[in-house]
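What's counted below: heavy atoms across the whole structure, side chains too, no hydrogens, waters or symmetry copies.
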Amino acid sequence: MSGTEGLVDVPLHEVAHARAGDKGNRLNISLVPYRPEAFEALAEQVTAERVHDLFRHRGATRVERYDLPLIHAFNFVIDDVLEGGVNSSLNLDGHGKTQSFRLLSMLVRVPRRYLAENSPFAGAGQDPSALALGHS
Amino acid sequence: MRDLYLIGNGAGFSGDRIDAPVPVVRTLRERGLPAAIFFEVLGERTVALAQLERRRDPARGYEPMLERLLAPILAPCAESGIKIIGNFGGANPRGAARCIARLALELGLETLKIGVVEGDDIRETVALDGLEVYEADAGIDVANGALVAANAYLDAQPIVAALGDGADVVVTGRTGDPSLALAPLIHHFGWRADDWDRLAVGATAGHLLECGAQVTGGVFLDPGYKDVPDPADIGFPIAEVGAEGSLVITKAADTGGLVDLRTVTEQLLYEVHDPAHYVTPDVVLDMTGITLAQEGPDRVRVEGMRGRPRPEKLKVTASFEGSFLGEGEVSVAGPNCLARARATAEILRERLKRRGLDVRARVDLIGVASVLDADAGPLNRGYAGPEPGEVRIRLAASGADADSVDQAAREVLALLCCGAAGTGGARWRTTPRVVTRSYLAERSRVQPRSSCRLSREWLG
């Protein structure tokens, strides 16, 4: 198989799942690929810098990524992203629980075999842009 | 099997499903092993809200659903020797004990012993000015709001003491969440207070279980990707812990939900920052060596956690009276609704400006971009997707003056006659807020204590 054969551009949602939790004005989001073999590819592409870019519009000041290769998971800790936190935020979701799916909207390029079993992108010939979100 | 102890969880927050404890207790009884069930119902702000309730009614200020949670399980637990532990004491652990005592006597449980842990409430005894502010909260402005609550996160030892005095039920206020699960393990196995690796096992069990269904299929469902069997009846979790430190996560029998590598991994990292340094009052947990193995249906073995000495200082969370929050919502629907929603947002901003209301405000277009957006609305302004079927417009405003905030929220109501075509479904409300800020306090400044009495004695 050649190096690029079978690569697809997909939202992270097709490759991994995530959960967010808050403490004050700090959010953490775990990121776990459905297939352990995708860990390295995500380690390369889902960098702290790219995650910071996703949350810059909410004032995030710092992103740290912790890697847990034994359970093939990542933990992102994002500072100052909760608009003051649950006690002062004007957001409907002051805890930031929904932000895990913001992370899962990030585009990654991975071999098709890394996709979640039921991903609509798993079949050949799918156009990833068909499911792209309206907002960047 | 002799050296196994079972820990079930009956609630992961105040407001959790009140029928969840029943299948957990049924399973614990069927297993026939020594066991406890714990309830974690105190979020960061919950103690403050409980203090406010206690001001209104001195008999209250504990978990409002306490009686409903315990009524179906108190007698079965007493009969099988299953310990019940919970931070459902809130701002009034003795009030909660009296509530449980009344219930026990109604059920004919004359010999039930109730332990109460106190000393977490340090409002009267410790000056916050002298405490170090918790790192992540350095930027929080409490704006000279009046102090409502200040509580230290106690460790497991006062609960262990109450169990040692023969308590069947232990009521606490603020306690480290994992400590609620760790305490009966320390009591049962006689683990030393500096046996860090074993304490780490109990703390891991507590951490995985303290949010109830979150480890058994709650906040997990993503249809087609992560499916959950019978999500309307998710079984709450049970940990099987061995004297030597083995740990298996499973759940109540004959229920929905699931326990697998995915649910356990998500919950392991929930509200964790540095996984090598997860601080509890009893032990600092290092998760980086953890491995997970599915050893049967709804059974995940957790190995490799390590413990380091407990922190020198206890975390204290204080709550202060804060600003007011006003919220108003209306809907628009059908053809051209996105344009009408955007026009509505502009009208609201213009109204606040013209009336000179001293509030901080934000307008969301629900159905376009709201929870993912920022106050300035960059995502909904930049939205270039398909026309939505309908949009709900939400104004949120906050400020120190309740009337200004309420007037801002009422501007949404006025749109029913003054707004865009086809505006309907108005709702508005204004609520007071509390602000929390955490600190670190020397252990010597916090004096935990426990007491244990028969039900009749609590009421006497």
Problem set entry | side-chain contact (heavy atoms from CB on, under 4.5 Å) between B:Arg262 and A:Val32, intermediate numbers included | CA-CA 8 Å; B:Arg262 300 168 303 169; A:Val32 189; 5.9 Å; no
At a 4.5 Å cut-off on heavy atoms, which part of [X] comes close to chain A: side chain, backbone, both, or neither?
| X | result |
| --- | --- |
| B:Ala397 | backbone |
| B:Arg360 | both |
| B:Phe220 | both |
| B:Ser323 | neither |
| B:Ala376 | neither |

Return yes when atom [atom1] of [X] has more than 12 non-hydrogen atoms of other residues, nucleotides or ligands closer than 6.0 Å, and no otherwise.
| X | atom1 | answer |
| --- | --- | --- |
| A:Arg50 | CZ | yes |
| A:Arg56 | CZ | yes |
| A:Asp67 | CG | yes |
| B:Glu390 | CD | no |

State the [atom1]-[atom2] distance between [X] and [Y], to the nearest 0.5 angstrom.
| X | Y | atom1 | atom2 | value |
| --- | --- | --- | --- | --- |
| B:Asp364 | A:Leu90 | CG | CG | 9.0 Å |
| B:Leu325 | A:Asn87 | CG | CG | 11.0 Å |
| B:Tyr270 | A:Lys97 | OH | NZ | 2.5 Å |
| B:Leu372 | A:Thr98 | CG | OG1 | 5.0 Å |
| A:Leu68 | B:Leu268 | CG | CG | 7.5 Å |

Minimum heavy-atom distance between [X] and [Y], given as atom pair plus value:
| X | Y | answer |
| --- | --- | --- |
| B:Gln214 | A:Arg19 | O-NH1, 2.8 Å |
| A:Ala73 | B:Thr265 | CB-CG2, 3.8 Å |
| A:Asp93 | B:Val371 | CB-CG1, 3.6 Å |
| B:Asp373 | A:Arg58 | O-NH1, 2.9 Å |
| A:Ile71 | B:Ile290 | CG2-O, 3.5 Å |
| B:Pro275 | A:Tyr66 | CD-CG, 3.4 Å |

For this session: Name the option with the most non-hydrogen atom pairs under 4.5 Å to chain B; the candidates are A:Asp79, A:Asp80, A:Val77.
Result: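 Between A:Asp79, A:Asp80, A:Val77, the count favours A:Val77.
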Exercise. Can you tell which of A:Val81, A:Asn25, A:Ile29, A:Asp22 has the highest number of heavy-atom pairs within less than 4.5 Å of chain B?
Worked result: A:Asp22
At a 4.5 Å cut-off on heavy atoms, which part of [X] comes close to chain B: side chain, backbone, both, or neither?
| X | value |
| --- | --- |
| A:Val86 | both |
| A:Glu117 | neither |
| A:Phe76 | neither |

Does [X] reach the side chain of [Y], with side-chain heavy atoms less than 4.5 Å apart?
| X | Y | answer |
| --- | --- | --- |
| A:Arg102 | B:Leu379 | yes |
| A:Leu27 | B:Glu271 | no |
| A:Leu92 | B:Ile366 | yes |

For this session: Classify the side-chain pair A:His13/B:Asp222 by whether it contains a donor and acceptor separated by less than 3.5 Å.
Result: yes
For this session: Would you mind telling me which of B:Thr436, B:Thr291, B:Thr288, B:Val264 has the largest number of heavy-atom pairs within less than 4.5 Å of chain A?
Result: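 It is B:Thr436.
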Exercise. Does A:Glu83 come within less than 4.0 Å of B:Arg362, counting only side-chain N to carboxylate O?
Worked result: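 Counted as a salt bridge, because a side-chain N and a carboxylate O are separated by less than 4.0 Å.
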Exercise. Would A:His17 and B:Tyr225 count as a close aromatic pair, with their ring centres under 6.0 Å?
Worked result: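 No; B:Tyr225 has its ring centre 6.0 Å or more from that of A:His17.
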For this session: Spell out, as yes or no, whether a donor-acceptor pair under 3.5 Å connects the side chain of A:Asn28 to the backbone of B:Leu269.
Result: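 Answer holds: yes.
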